[in-house]
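What follows is one structure encoded as structure tokens, with my remarks underneath.
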Amino acid sequence: MAKPLLRSLVPGDLGPLVKELGGEAYRSGQLAGWLHQHDALSWDELRNLPRSLREALAERFDLQGLSPLERQVSSDGTRKFLFSLRDGQTVESVIIPMESHATFCLSTQVGCAMACRFCATARGGLVRNLEAGEILEQITHLRRDLAENPVPGHGDRQFNAVFMGMGEPLDNWDALPTTLDTMLGDDGLGMSKRRVQVSTSGPGDGLRRLLALAPGVGLTLSLGGTTDEERKQLMPVPGRTPLAEVIDLGARYARQSGRRTTIAWVLIAGRTDLPEQARRLAKLAGSGPFKVNLIPLNALDDDAQEPPSQAAILAFQDILNRAGVDNTIRLSGGRDIAAACGQLRRRRLAG
Ligand code: SAH
């Protein structure tokens with residue numbers, strides 16, 4: 001059995017731990033700094049901590065749970081990473097360079113139970129939840145990569161984080177609350193809530209737990225259909241929460257957080273690009289505090305489904321525009337490096 005990851009502890013737990021190991025109280029702040037500000041991955045890096053404390057920590061915890069397996073850089077600057085975990089499983093993370101900052105796309109599970117037909121991660125089902133430390137350490141590696149290979153014009157170390165990698169964040173309640181705690185806490189990563197976005201295919205009990213947690217971060221609903229029938233076709237997970245309930249919970253969350261909920265709409269030629277779907281989507285989005293993000297399908301190598309033509313994408317968008325629905329078309333980065341959710345891992349599994 002592997003030791004627990006030190007990064008899985010919330011910063012507030014470091015004080016009692018350091019005390020138990022005989023360290024002075026102020027050492028816990030230094031330790032949190034090494035974990036969440038200085039991106040330490042080996043005990044030797046924790047230079048201002050006494051050797052005795054480092055050794056006591058190393059006896060009980062692992063500092064590194066992810067090892068980089070692959071790194072690919074797309075012609076558009078998107079960087080895609082495959083990491084192996086201590087049990088040999090693999091997860092993906094992505095750095096998407098934006099104009100002024102980077103966006104980190106993080107995974108929350110190995111595999112996923114949500115069964116969306118267009119998603120590579122869904123193919124093998126859910127393998128396991130990631131621990132909080134495994135989610136947070138993705139940030140550690142991505143920040144180290146940015147420090148070594150800075151993006152021209154990106155001055156500071158600010159980044160946005162989106163839970164749009166592998167897995168369903170609202171299906172991993174072992175890790176999501178502590179992960180957000182560490183990301184948002186001043187003694188952790190100290191991120192602004194505005195820089196964090198949770199994306200979900202909308203399990204109702206997960207959305208209700210998120211409402212109860214009230215983290216204030218942004219929410220994206222990956223809708224997949226404008227009727228329950230359409231959603232069943234494209235996202236055939238048993239017990240899918242009814243669409244009306246998902247929309248209601250998404251609206252309630254937006255009112256709670258003070259930020260509009262994004263509806264993510266994957267555009268697939270002949271399946272989700274129909275004018276009547278655009279009209280129904282406009283109606284759903286117009287019914288509450290929503291905006292729409294149109295995502296042309298990132299086609300999987302082993303699948304017949306394709307993204308619509310540019311003209312069809314714009315025609316779909318035009319219907320939303322005419323209905324006054326705020327929307328954007330996501331420029332899908334990294335096509336040439338298989339950056340669609342779960343593709344890198346799948347290629348590797350397939351050998
Ligand atoms: N399970 C969560 C987060 C992971 S998926 C969710 O469903 O939101 C993140 C986003 O990628 C979702 O909006 C999903 O619809 C989209 N996505 C998945 N596979 C895709 C593909 N092949 N092409 C384009 N978008 C995809």
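First listed ligand is number 1; within each ligand, the first listed atom is number 1. Just so it is clear, the structure is predicted and the values come from calculations on it, not from any experiment.
- Under 4.0 Å from ligand 1, heavy atoms of Ser201 appear from its side chain as well as its backbone.
- Here Arg231 contributes atom CZ and Ser201 contributes atom OG; the two are 7.5 Å apart, rounded to the nearest 0.5 Å.
- The backbone of Thr200, and not its side chain, has at least one atom closer than 4.0 Å to an atom of ligand 1 (non-hydrogen atoms only; backbone = N, CA, C, O).
- Distances from atom 13 (O) of ligand 1 to the heavy atoms of Cys116, Ser222, Ser107 put Ser222 nearest.
- Inter-residue side-chain proximity for Leu249 and Leu210 is flagged as unmet; no heavy-atom pair is nearer than 4.5 Å.
- Ligand-side atoms of ligand 1 in range of Phe163: 3 (C), range being under 4.0 angstrom from any heavy atom.
- Within the 4.0 Å heavy-atom cutoff, Glu168 counts among the residues contacting ligand 1.
- Heavy atoms of Val266 found under 4.0 angstrom from ligand 1 belong exclusively to the side chain.
- Atoms of ligand 1 lying under 4.0 Å from any heavy atom of Gly165, numbered from 1 in the order shown and given with element: 4 (C).
- A salt bridge links Glu45 with Arg144: at least one charged nitrogen is closer than 4.0 Å to a carboxylate oxygen.
- By the 4.0 Å N-to-carboxylate-O rule, Asp248 lies close enough to Arg252 to be salt-bridged with it.
- Where the criterion is an N or O separation shorter than 3.5 Å, residue side chain and backbone included, Arg330 fails it with respect to ligand 1.
- No donor-acceptor pair under 3.5 Å is formed between the side chain of Arg7 and the backbone N or O of Ala132.
- Heavy atoms of Leu297 found under 4.0 angstrom from ligand 1 belong to the backbone as well as the side chain.
- Of all atoms in ligand 1, listed by their number and element, those nearer than 4.0 Å to a heavy atom of Ala264 are 13 (O).
- To the nearest 0.5 Å, atoms CE (Met166) and CD (Glu92) are separated by 6.0 Å.
- A salt bridge between Asp228 and Lys232 is absent, with no side-chain N of the basic residue lying under 4.0 Å from a carboxylate O of the acidic one.
- A heavy-atom separation below 4.0 Å is found between Gly167 and ligand 1.
- How far CG of Leu49 is from CG of Leu57: 7.5 Å, rounded to the nearest 0.5 Å.
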